Amino acid sequence: MYTARGTLERDAAIEKYGPLVRRVAAQMIAKLPANVELDDMVQAGMIGLVDALSRYQPDQGAQFETFAMQRIRGAMLDELREADWLPRSVRRNQRTIETAIRKLEQRHKRPPTEAEVAEVLEMPIEQYQHMLGEARGSQLVYLDEFSDQDAEDGFLERFRIDPGSDPSMMLRDDRFRGALIEAVEDLPERERMVMGMYYEQEMNLKEIGAVLGVTESRVSQLHSQAVARLRVKLRGWA
């Protein structure tokens with residue numbers, strides 16, 4: 001895999017790591033609206049892979065796959081940002097939901113119910129659940145993105161890769177990990193189950209729905225609400 005100068009041989013690496021690009025694209029597309037094309041994500045990811053090949057230095061200690069994952073994911077997020085894939089109204093709705101949840105948690109010192117959130121938003125619970133369903137895609141969020149920034153275009157902008165930074169550093173911070181674990185444990189039981197099945201057991205929405213006896217759309221709503229709660233809890237970690 002290496003040339004005489006110790007650099008990765010491009011064609012062999014692309015052939016070897018191409019499936020990694022497709023796997024990352026498939027995982028990402030599952031969290032996005034239907035208008036986003038898998039092929040577009042794969043193409044962007046391949047650009048990230050080529051960029052990783054040109055920048056990787058084996059003497060820096062990191063494994064190439066770990067380094068490449070960051071570049072691949074970053075390239076896909078750049079593609080989404082440039083395509084303006086998420087309506088601004090959905091981003092506003094996500095912030096509205098989080099504001100309502102934060103207000104109720106401060107008032108009641110516990111996770112609010114859907115009915116309570118809907119009441120604060122002055123809408124029927126069915127309309128609130130529809131908002132949660134539309135929020136799918138805005139949940140393309142990783143654990144290093146808990147900022148108070150409110151700019152309309154800031155959501156994906158904050159995912160751009162800084163060549164001098166390592167986004168996994170925060171996950172290695174014991175205090176952050178502890179806060180995240182506590183926030184997940186504080187979720188209502190059904191939402192906690194959804195997060196566990198989705199992220200730990202890597203089950204899809206249909207499989208989770210079968211376990212819980214609900215529809216895929218309902219699982220999506222529960223996931224959106226769980227992520228909103230976690231974002232509220234972890235806003236101080238920026």
Side-chain angles (χ1 to χ4, degrees), residues 19-34 36 38 41 45 48 63 65-66 68-74 76-77 80 85-86 90 94 97-98 101 105 111 114 129 131-147 155-156 158-159 161 166-238:
L20 173 65
V21 174
R22 287 186 285 274
R23 186 170 72 248
V24 173
Q27 292 171 344
M28 189 172 289
I29 207 77
K31 302 179 179 70
L32 294 170
V36 181
L38 177 62
M41 291 294 95
Q63 293 185 350
E65 184 169 333
T66 302
M69 279 286 288
Q70 182 179 352
R71 294 288 168 178
I72 292 167
R73 207 180 291 274
M76 291 179 183
L77 290 167
L80 292 171
W85 61 282
L86 187 66
V90 174
Q94 180 66 24
I97 291 170
E98 291 172 17
I101 289 174
E105 287 194 345
E114 290 183 39
Q129 290 175 341
M131 286 177 63
L132 288 172
E134 284 190 334
R136 177 185 176 184
S138 69
Q139 306 305 335
L140 184 61
V141 57
Y142 299 96
L143 299 178
D144 56 324
E145 196 277 313
F146 290 99
S147 168
F155 183 78
L156 287 173
R158 294 194 293 276
F159 285 109
I161 301 301
D166 179 5
S168 66
M169 285 297 292
M170 183 172 288
L171 289 177
R172 293 197 290 268
D173 186 293
D174 288 341
R175 292 175 300 162
F176 175 76
R177 290 177 62 87
L180 174 61
I181 291 170
E182 183 178 350
V184 171
E185 290 177 345
D186 285 344
L187 289 173
E189 182 179 7
R190 181 166 282 198
E191 292 173 29
R192 188 169 64 249
M193 291 174 63
V194 167
M195 299 298 278
M197 287 186 281
Y198 193 77
Y199 291 104
E200 293 182 24
Q201 301 179 38
E202 298 186 345
M203 297 169 63
N204 60 39
L205 301 185
K206 183 176 181 180
E207 292 168 337
I208 296 172
V211 172
L212 298 180
V214 298
T215 64
E216 290 183 53
S217 62
R218 181 56 181 154
V219 175
S220 180
Q221 293 168 6
L222 291 169
H223 177 268
S224 295
Q225 188 162 251
V227 172
R229 294 188 200 275
L230 294 178
R231 286 169 60 92
V232 168
K233 290 280 190 181
L234 301 172
R235 284 180 72 87
W237 295 90

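Computed from a predicted model, the values in this text were never measured in an experiment.
- In plain terms, the two heavy atoms of M131 and I97 that are nearest each other are CE-CG1, 3.9 Å.
- The shortest heavy-atom contact between K233 and A183 is CB-CB, 3.9 Å.
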Inset, instruction - Go through L132 and S220 one step at a time and tell me if the side chain to side chain contact (heavy atoms under 4.5 Å, CB included) criterion holds. - result: CA-CA 8 Å; L132 288 172; S220 180; over 6 Å; no
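- Here CD1 of I181 is found 12.0 Å from CG of D186. Values are rounded to the nearest 0.5 Å.
- Remark: E191 pairs with R229 by the salt bridge (charged side-chain N to carboxylate O under 4.0 Å, His left out) rule, at least two apart or across chains.
- Distance check: L212 CG to M193 CE gives 5.0 Å after rounding to the nearest 0.5 Å.
- Of the charged side-chain nitrogens involved, at least one lies within less than 4.0 Å of a carboxylate oxygen, so that E98 and R231 count as a salt-bridged pair.
- For the residue pair Q94 and A228, the shortest heavy atom distance occurs at NE2-CB, 3.8 Å.
- More than 12 heavy atoms of other residues, nucleotides or ligands shown are found within 6.0 angstrom of CD on Q201.
- Every residue meeting the side-chain contact (heavy atoms from CB on, under 4.5 Å) condition with E207, not counting sequence neighbours, appears here in chain and number order: M203, N204.
- For the pair Y198/V219, no side-chain contact is recorded, criterion being any heavy-atom separation below 4.5 Å from C-beta on.
- For the pair M195 and L230, the minimum side-chain heavy-atom distance is below 4.5 Å.
- With sequence neighbours excluded, the residues forming a salt bridge (charged side-chain N to carboxylate O under 4.0 Å, His left out) with E114 are R218, listed by chain and number.
- L187 has its side chain out of reach of P111: every pair of non-hydrogen atoms, C-beta onward, lies at least 4.5 Å apart.
- With sequence neighbours left out, the side-chain contact (heavy atoms from CB on, under 4.5 Å) criterion links L20 to Y17, R23, V24, E65, M69, I72.
- Under the 4.5 Å side-chain criterion, counting only non-hydrogen atoms from C-beta, E216 is not in contact with I208.
- Evaluation of the side-chain contact (heavy atoms from CB on, under 4.5 Å) rule for E200 yields no partner, not counting sequence neighbours.
- The shortest non-hydrogen separation linking A25 to M41 is CB-CB, 3.9 Å.
- By the 6.0 Å contact criterion, CD on E182 is open, its count of non-hydrogen atoms from other residues, nucleotides or ligands being 12 or less.
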